[in-house]
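Order of listing sets the numbers, starting from 1, for every ligand and every atom in it. Scope of the values below: all heavy atoms of this structure, side chains included, with no hydrogens, waters or symmetry mates.
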Amino acid sequence: MEKNQSIGYMDVPVPKDVNLKEAIDQLRKEKNAVILAHYYQTGDIQDIADYVGDSLALAQWAAKTTADIIVLCGVHFMGETAKILCPEKKVLVPDLNAGCSLADSCPAEEFAQFVKAHPGHTVVSYVNTTAAVKAVTDVVVTSTNARQIVESFPEGTPMIFGPDRNLGNYINSITGRNMLLWNGACHVHEQFSLEKILSLKKEYPEAEVITHPECKRPIIEISDFVGSTAALLKHTIKSEKKQFIVATESGVIHEMRKQSPEKEFIPAPPNDSTCACNECNFMRLNTMEKLYNCLKYELPEIFVDEEVQKQAIKPIRKMLEISAQLGL
Ligand code: 13P
Ligand code: SF4
């Protein structure tokens, strides 16, 4: 059988008698592979992963793993970030079609022109970007550390923030900075319906609305708590409240329920859907079958151009250094 990754994943039927959990576990041990999963993966993938985390945690784990193979159950830019940090390792993503609408909203050449048009600006890029965008960036941030990293630069520093306009606006509003924003957005987080959330608030008057900063300003304004995926999770563990309306990708509710089984989590609904929750169609492309095949055939693999990798590692390392100093 020919091994190729042209369709984005190993399209090989998994024999019916394969116990996926056991087989994945065995393969990861045999191959000294580590499975890293984002909170937006399906519950079964989160449950089998060695580590589950947000974008910052995934980069931190990738940077320090001693495994020979990193299987990144998330989207393409997360695999790229791991590969940039560990160019000597094999980095696999179960389905390479797992892209990101936010990363797509920032084509590298256009972003490079924007940077060129604003000389003297420090370029801050959200991790949800391609390697080529990171290569023209001064410091990468995630939603967990964006505020602190922006504030680590002296007030008055001219800055560009890309690509998420909602996160950029939010950081500007809480820090009093005036960063120039790239006009990008995530199709999942922009989809939440203010009207439907307000009507859920009436239905659950005791519930807290907790929101990811990639959401639009009106949703942020009516929220009780705003934070990254990891911050939302921590908040639900610490809070004395018993009900939460969760305005982010609904995958994280899996871990919220595991951590606080006595609490109730209500996914915030999107605008134009008959579905009650909001899922990232890219994240959900990864499945247990694709994860199994990916470990078995060691495909599909992430590659990053050598010159791009050499540039892109600098702002990622800078992010990891500042985060370590800040204890994040
Ligand atoms: P965090 O993992 O930083 O919360 O980002 C959310 C996201 O959209 C990941 O793609
Ligand atoms: Fe990208 Fe949004 Fe999906 Fe995150 S949830 S991977 S930002 S499209």
Exercise for the section: Among all protein heavy atoms, pick the one closest to atom 2 (O) of ligand 1 and tell me residue, atom and distance. Expected result: His38 NE2, 2.7 Å
Exercise for the section: Run the numbers for me: atoms of ligand 1, each under 4.0 Å from some heavy atom of His212, listed by number. Expected result: 1 (P), 4 (O), 5 (O), 6 (C)
Problem - Residue portion contacting ligand 1 (non-hydrogen atoms closer than 4.0 Å) for Met78 - result: side chain
Problem - Cationic N near anionic O, under 4.0 Å, Arg165 to Glu190 - result: yes
Problem - For Ser143, the ligand 1 atoms whose distance to one of its heavy atoms is below 4.0 Å - result: 1 (P), 3 (O), 4 (O), 5 (O)
Practice task
Pick one of side chain, backbone, both or neither for how Tyr126 approaches ligand 1, counting any non-hydrogen atom pair under 4.0 Å.
Solution key: side chain
Atom pairs and distances, donor-acceptor, side-chain atoms in residues 52-66, under 3.5 Å, two or more places apart:
from	atom 1	to	atom 2	distance (Å)
Asp54	OD1	Leu56	N	3.4
Asp54	OD1	Ala57	N	3.0
Asp54	OD2	Thr144	OG1	2.5
Gln60	NE2	Leu328	O	3.1
Thr65	OG1	Ala67	N	3.0

Handout entry: Partners meeting ring-ring contact (aromatic ring centres under 6.0 Å, His included) with Tyr39 (sequence neighbours left out)
Key = none
Problem - NZ/NE/NH1/NH2 to OD/OE distance under 4.0 Å, Asp47 and Lys258 - result: yes
Practice task
For Gln46 and Gln41, test the side chains for any donor-to-acceptor distance below 3.5 angstrom and give the result as yes or no.
Solution key: no
Practice task
Just let me know how Asn128 lines up against ligand 1, side chain, backbone, both or neither, with a heavy-atom cut-off below 4.0 Å.
Solution key: side chain
Exercise for the section: Among all protein heavy atoms, pick out the one at the shortest distance from atom 4 (O) of ligand 1; state its residue, atom name and that distance to 0.1 Å. Expected result: Thr229 OG1, 2.4 Å
Exercise for the section: Please confirm whether His212 and Phe192 have ring centers closer than 6.0 angstrom. Expected result: no
Problem - Atoms of type N/O/S from protein, distance to atom 2 (Fe) of ligand 2 below 2.8 Å - result: 1
Handout entry: Residue Glu214 vicinity, atoms of ligand 1 by number, heavy atom under 4.0 Å
Key = 5 (O), 6 (C), 7 (C), 8 (O)
Exercise for the section: Quick one: look at Tyr39 and ligand 1, take heavy-atom pairs under 4.0 Å, and tell me if it's side chain, backbone, both or neither. Expected result: neither
Exercise for the section: Please say whether more than 12 non-hydrogen atoms of neighbouring residues, nucleotides or ligands are located less than 6.0 Å from CD in Glu30. Expected result: yes
Practice task
For Lys196 and Asn271, indicate whether the former's side chain and the latter's backbone hold a donor-acceptor pair under 3.5 Å.
Solution key: yes
Handout entry: Partner of His189 by side-chain contact (heavy atoms from CB on, under 4.5 Å), out of Ser101, Cys215, Pro213
Key = Cys215
Handout entry: Asp95: which of Ile7, Thr287, Asn286 passes side-chain contact (heavy atoms from CB on, under 4.5 Å)
Key = Asn286
Practice task
Check which hydrophobic residues are tied to Ile69 through side-chain heavy-atom contacts below 4.5 Å, counting indirect links as well, and list them.
Solution key: Val14, Val18, Leu20, Ile24, Leu27, Ile35, Ile45, Ile48, Val71, Leu92, Met288, Leu291, Tyr292, Leu295
Practice task
Would you mind listing which atoms of ligand 1 come within a distance below 4.0 Å of any non-hydrogen atom of Asp54?
Solution key: 2 (O)
